2 protein chains.
Amino acid sequence: MNTIKDVAKKAGVSPGTVSKALLDRHDVSNSTKRRVKRVAEEMGYIPNIIARSLVTSKTNTIGLVTPYLGNPALIERLRGVQNACLSNKYLLITCLNEGGAEEELSQAEALIARKVDGIIITPTGNSIKLKEFISRIEIPVVLMSEMIEGTGCDFVGEDDYEGAKTGMEHLISLGHRNIAYFGSFPEIYSDGRLAKGYRDTLEKYGIPYRKELVLWGNTDRDILEKNVERVMNTVSAPTAIFAWSDIIAIDIMSKLGKMNINVPEDVSIIGYDNIDFLSLFHIPLTTVAQPNFLIGQKTVELLLECIERDGENEPTGKLIFRPELIVRKSTGPAKK
Amino acid sequence: MNTIKDVAKKAGVSPGTVSKALLDRHDVSNSTKRRVKRVAEEMGYIPNIIARSLVTSKTNTIGLVTPYLGNPALIERLRGVQNACLSNKYLLITCLNEGGAEEELSQAEALIARKVDGIIITPTGNSIKLKEFISRIEIPVVLMSEMIEGTGCDFVGEDDYEGAKTGMEHLISLGHRNIAYFGSFPEIYSDGRLAKGYRDTLEKYGIPYRKELVLWGNTDRDILEKNVERVMNTVSAPTAIFAWSDIIAIDIMSKLGKMNINVPEDVSIIGYDNIDFLSLFHIPLTTVAQPNFLIGQKTVELLLECIERDGENEPTGKLIFRPELIVRKSTGPAKK
DNA sequence: CTGAAAGCGCTAACAG
DNA sequence: CTGTTAGCGCTTTCAG
């Protein structure tokens with residue numbers, strides 16, 4: 001592999017000059033700049049950024065710790081992140097994980113060891129250890145879409161509490177009173193917020209909260225199917241279901257289909273995420289949309305701001321987007 | 001940020017000893033090892049891998065250059081890659097791109113500048129510049145799923161020609177003779193191979209190839225809709241459609257639905273990828289499946305082998321998986 | 001404008 | 001077993 005020395009030798013100048021020439025410093029004559037650049041190009045020289053960053057203590061790299069992308073909404077977010085990195089000339093190191101504090105912690109640590117300039121984390125786990133670790137990280141950190149309270153980190157995401165309210169009010173306005181909630185895990189921040197919004201909205205409209213209508217673990221299809229069976233066989237079965245994600249919503253619809261229960265005639269379903277091609281389903285899904293791409297972009301922008309001002313003053317920033325209801329065909333008036 | 005010197009001072013030993021202790025070298029007494037590790041832990045010391053790799057010329061990092069994940073099949077592959085990296089203690093740097101040789105080249109370059117130990121590329125572009133660049137890369141490179149001929153790189157992927165044949169023979173066995181092909185871009189390797197398989201299989205069964213039945217650009221929904229309209233209005237309209245991806249297939253189905261054309265009674269449709277939840281569609285999609293997760297894993301394993309043997313002997317490896325036909329409800333006998 | 005020298009944080013080789 | 005030294009490839013003073 002060519003180093004700066006090799007280029008220097010071929011160009012007949014010192015390594016220091018090569019460095020300056022390649023970085024377009026103004027204290028190098030144009031003629032040497034041109035010569036050095038030509039030689040470097042010819043040799044296929046690629047500067048060793050690792051070595052550079054050891055002296056500049058800047059890697060122009062940011063890290064992302066995010067759960068696996070089973071959910072297309074996460075991909076849109078990732079796209080937004082990648083897009084903003086690209087236009088700001090930062091390299092992105094994406095660490096996918098299966099969720100959980102332990103893996104998240106070890107990935108964040110690996111990133112710090114590689115001296116990324118900043119980190120974006122979408123935490124799905126919430127151990128004390130992770131929380132303390134995040135609080136202590138010396139480089140800028142922004143949490144995206146999922147939150148851990150009390151870390152003092154910046155945050156960019158959507159208002160899930162509001163999202164739940166929007167969706168619930170849609171159902172209630174259609175006359176539904178028996179509404180079930182299908183979540184993943186209550187420990188996941190957004191899921192907790194959604195569930196809270198679900199409950200509070202019921203209360204607001206004087207509808208009693210029935211805990212047997214709140215079901216968890218629905219990212220596993222087997223569990224989901226059992227949950228559907230169970231809930232549809234309770235004394236007063238729900239006439240509407242609110243799902244934590246479009247994927248769960250679609251799974252529920254499929255299961256109801258097998259049970260010969262019609263959507264939306266018998267049961268209304270509302271999802272969360274607005275996954276593009278679910279609008280192509282035979283019963284297009286009513287859902288609550290977030291500006292995922294934008295969230296990804298804005299997260300990076302906020303992070304880069306923090307990096308640029310280098311921890312000088314640190315006014316914690318929060319950027320919270322408002323979800324939007326998208327009514328399609330999977331919700332309708334409550335069955336009498 | 002703590003350095004090895006700080007730890008050394010606190011532990012009352014030399015930096016060299018700290019390094020050895022933390023790396024668990026056997027020429028350090030157990031007592032100092034314990035002490036050093038305790039002190040490091042207390043200080044929250046995280047070794048600077050950047051600095052380490054400068055001397056070891058090993059980063060324990062591999063890079064991935066892959067197009068955006070609009071297609072869930074790519075995500076499965078990415079999961080496989082990430083999974084294998086994790087179990088081999090390598091960090092993965094994922095570079096997503098919008099496709100095209102230029103971006104791919106610049107991302108590969110960024111990775112090399114960061115001294116990754118090896119690179120996985122799924123090239124969708126194919127400029128001479130990219131090809132030459134890839135050929136010259138001095139670190140191990142494995143191409144995944146998409147190929148550029150003549151680079152001498154290792155390859156792990158699926159046999160798309162065979163995949164096309166399998167799908168086509170299914171349609172032909174159902175009596176179809178007018179079969180259309182809906183692709184993305186012929187420059188994309190897999191798409192070209194699929195189209196070739198489509199054509200050759202027609203020939204094999206003595207069915208004339210009609211170029212007006214081959215349509216491109218279908219990753220754009222508008223173009224796709226126009227293509228569907230056009231092809232369904234030709235003199236002898238197709239009774240079956242082979243799509244380059246499940247996403248395209250589902251878009252076609254949706255469009256046909258709007259045109260009041262029934263699947264599979266009027267037109268059979270077969271996709272490619274086996275995206276999990278399309279099996280939940282009201283007309284479950286017949287498709288051709290690839291072992292995506294496995295492809296991701298195997299790609300990493302092959303790459304790590306190359307890295308381990310450090311370019312000693314380089315028998316080019318190719319690992320090609322056989323696609324599998326999955327018959328569901330979107331294909332049926334040809335309409336008379 | 002150019003070159004020489006120091007040093008980023010770490011490991012490896014070699015003394016002791 | 002431990003410490004000292006050199007050096008990975010680069011940038012950045014600081015002389016010239």
Side-chain angles (χ1 to χ4, degrees), chain A residues 1-37 39-40 43-61 109-117 138-139 310, chain B residues 1-37 39-40 43-61 109-117 138-139 310:
Chain A
M1 202 77 229
N2 287 321
T3 73
I4 208 169
K5 275 190 196 165
D6 303 319
V7 178
K9 212 171 287 172
K10 269 242 171 82
V13 288
S14 73
T17 304
V18 172
S19 169
K20 285 180 234 171
L22 260 25
L23 292 174
D24 251 328
R25 292 285 146 80
H26 37 265
D27 57 346
V28 182
S29 74
N30 279 325
S31 63
T32 33
K33 262 190 202 171
R34 268 196 300 276
R35 185 156 38 93
V36 167
K37 283 182 182 173
V39 172
M43 302 174 72
Y45 169 71
I46 301 178
N48 183 336
I49 299 215
I50 291 304
R52 172 186 296 167
S53 63
L54 198 53
V55 16
T56 60
S57 60
K58 183 86 168 64
T59 54
N60 269 280
T61 304
E109 212 162 316
L111 290 170
I112 291 172
R114 260 99 176 167
K115 297 288 152 191
V116 294
D117 298 326
E138 293 180 8
I139 58 172
D310 200 21
Chain B
M1 202 77 228
N2 286 320
T3 75
I4 210 169
K5 275 188 194 164
D6 303 318
V7 179
K9 212 171 287 173
K10 268 243 172 83
V13 289
S14 73
T17 303
V18 172
S19 169
K20 283 180 236 170
L22 260 25
L23 291 173
D24 250 328
R25 291 285 146 79
H26 36 266
D27 57 347
V28 182
S29 75
N30 279 324
S31 62
T32 34
K33 261 190 202 169
R34 268 197 299 277
R35 187 155 37 91
V36 168
K37 284 183 183 173
V39 172
M43 303 175 69
Y45 169 71
I46 301 178
N48 183 335
I49 299 212
I50 291 302
R52 174 188 294 168
S53 63
L54 197 54
V55 16
T56 59
S57 58
K58 183 85 168 59
T59 54
N60 268 281
T61 303
E109 213 163 314
L111 290 171
I112 291 172
R114 258 100 177 166
K115 297 290 152 189
V116 295
D117 297 326
E138 293 180 5
I139 58 172
D310 200 20

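Heavy atoms only: backbone and side chains are in, while hydrogens, waters and symmetry mates are out. Each chain gets a letter, A, B and so on, in the order its sequence line appears, and its residues count up from 1. Quick caveat: nothing in here was measured; it's all calculated off a predicted structure.
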Novice: Roughly, in whole Å, what's the span from NE2 in H26(A) to P in dT12(D)?
Specialist: 11 Å
Novice: Give a yes or no answer on whether the side chain of R35(A) reaches the backbone of G12(A) with a donor-acceptor pair at less than 3.5 Å.
Specialist: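 No, the answer is negative, given that no donor and acceptor are paired below the 3.5 Å cut-off.
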Novice: For the pair made of CD1 in I50(A) and P in dC8(D), what is the distance, rounded to whole Å?
Specialist: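 About 16 Å, once rounded to whole Å.
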Novice: For the side chain of V55(B), starting at C-beta, report the closest nucleotide among dG9(C), dC1(D), dT11(D).
Specialist: dG9(C)
Novice: Go through the steps for L54(B) and N48(A) under the test side-chain contact (heavy atoms from CB on, under 4.5 Å), then give the verdict.
Specialist: CA-CA 9 Å; L54(B) 197 54; N48(A) 183 336; 4.1 Å; yes
Novice: Examine distances only and state if a side-chain atom of T59(A) and a backbone atom of K115(A) form a donor-acceptor pair shorter than 3.5 Å.
Specialist: yes
Novice: Could you pick out which residue, D27(A) or I46(A), lies toward the 5' side of DNA chain D when each is mapped onto its nearest nucleotide?
Specialist: I46(A)
Novice: Using whole Å, report how far CG of L54(A) lies from P of dT11(D).
Specialist: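 About 11 Å, once rounded to whole Å.
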Novice: Tell me: CD1 of I4(A) to C1' of dG7(D), nearest whole Å?
Specialist: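 Whole-Å distance recorded here is 16 Å.
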Novice: Does dG9(C) have OP1 or OP2 sitting under 4.0 Å from an N or O in the side chain of Y45(B)?
Specialist: no
Novice: Report yes or no: does K33(A) contribute a side-chain atom to a donor-acceptor pair with the main-chain N or O of R25(A) at less than 3.5 Å?
Specialist: yes
Novice: Look at T32(B) and dT2(D) and indicate whether a side-chain polar atom (N or O) is within less than 4.0 Å of OP1 or OP2.
Specialist: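 Checking dT2(D) against T32(B), a side-chain N or O does come within under 4.0 Å of OP1 or OP2.
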Novice: For the pair made of CG in D6(A) and P in dG9(D), what is the distance, rounded to whole Å?
Specialist: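 After rounding, the gap between these two atoms is 9 Å.
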Novice: Where the side chain of S29(A) is concerned, which of dT11(C), dT11(D), dT2(C) is the nearest nucleotide?
Specialist: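 Selected nucleotide: dT2(C).
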Novice: Under the side-chain contact (heavy atoms from CB on, under 4.5 Å) criterion, do R114(B) and T61(A) qualify, and how do the steps go?
Specialist: CA-CA 10 Å; R114(B) 258 100 177 166; T61(A) 304; 3.2 Å; yes
Novice: Rounded off to whole Å, could you give me the NZ-to-C1' distance for the K9(A) and dG3(C) pair?
Specialist: 16 Å
Novice: Is the phosphate of dT2(D), meaning OP1 or OP2, less than 4.0 Å from a side-chain N or O of R25(B)?
Specialist: no
Novice: Within the structure shown, what part of the strands sits under 4.0 Å from N48(B) by heavy-atom distance: base, sugar-phosphate, or nothing?
Specialist: sugar-phosphate
Novice: R52(A) CZ to dC8(D) C1': how many Å, rounded?
Specialist: 16 Å
Novice: Would you mind telling me which residue lines up with the more 5' stretch of DNA chain D, T3(A) or V13(B), judged by nearest nucleotide?
Specialist: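 Its nearest nucleotide lies further toward 5', so the answer is V13(B).
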Novice: Are any of T17(B)'s side-chain N or O atoms less than 4.0 Å away from OP1 or OP2 of dG3(D)?
Specialist: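 Yes, within the criterion.
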Novice: Taking the minimum atom-to-atom distance to the side chain of K5(B), which one of dA4(C), dA12(C), dC8(C) wins?
Specialist: dC8(C)
Novice: For the side chain of V28(B), starting at C-beta, report the closest nucleotide among dC10(D), dT2(D), dG9(C).
Specialist: dT2(D)
Novice: Looking at the side chain of K20(A), which of dG9(D), dT13(D), dC10(D) is the nearest nucleotide?
Specialist: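 Of the options given, the side chain of K20(A) lies nearest dT13(D).
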Novice: In whole angstrom, what separates K58(A)'s NZ from dG9(D)'s P?
Specialist: 23 Å
Novice: Considering every strand and a 4.0 Å limit on heavy-atom distances, what is the contact class for I49(A): base, sugar-phosphate, or nothing?
Specialist: nothing
Novice: So what does S57(B) touch, heavy atoms closer than 4.0 Å: a base, only the sugar-phosphate, or nothing?
Specialist: nothing
Novice: Could you go through V18(B) and K9(B), starting from their C-alpha distance and side-chain angles, then the distance that decides it, and tell me whether this counts as side-chain contact (heavy atoms from CB on, under 4.5 Å)?
Specialist: CA-CA 10 Å; V18(B) 172; K9(B) 212 171 287 173; over 6 Å; no
